[in-house]
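Structure record follows, encoded as structure tokens.
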Amino acid sequence: MRITLSILLFAIGSSTTVAIAQTAAERAACMADFQKYCTGIEPGGGRIIECLSKQLDKLTPECKKVVEAHAPK
């Protein structure tokens, strides 16, 4: 769990092209969905937001709002 959180935080902080989950509340909203659907995704380059976007219909309502707000249009 701690490693997964570290990876997610690193991915969020290091992504220069896509800014997802800029706040602790946004990170918290997507943590369970990230762990469920995107654990094998390598951070960086917008890969996590892309992964979550592909699962949009399965995400929690809170995470769905975050992804929709930060996904490239």
Problem - Ala29 versus Thr60, closest heavy-atom pair with distance - result: O-OG1, 3.7 Å
Exercise for the section: Examine distances only and state if a side-chain atom of Arg47 and a backbone atom of Glu42 form a donor-acceptor pair shorter than 3.5 Å. Expected result: yes
Problem - Spacing of Asp33 atom CG and Leu56 atom CG [to the nearest 0.5 Å] - result: 10.0 Å
Handout entry: Taking every non-hydrogen atom, the tightest pair across Leu52 and Leu59
Key = O-CD1, 3.5 Å
Completion exercise
The reported gap from CD1 in Ile49 to NE2 in His70 (rounded to nearest 0.5 angstrom) is 7.5 Å
Practice task
Would you give the length of the straight line joining atom CD of Glu68 to atom SG of Cys63, rounded to the nearest 0.5 angstrom?
Solution key: 10.0 Å
Handout entry: Under 3.5 Å donor-acceptor, Glu26 side chain and Thr23 backbone
Key = yes
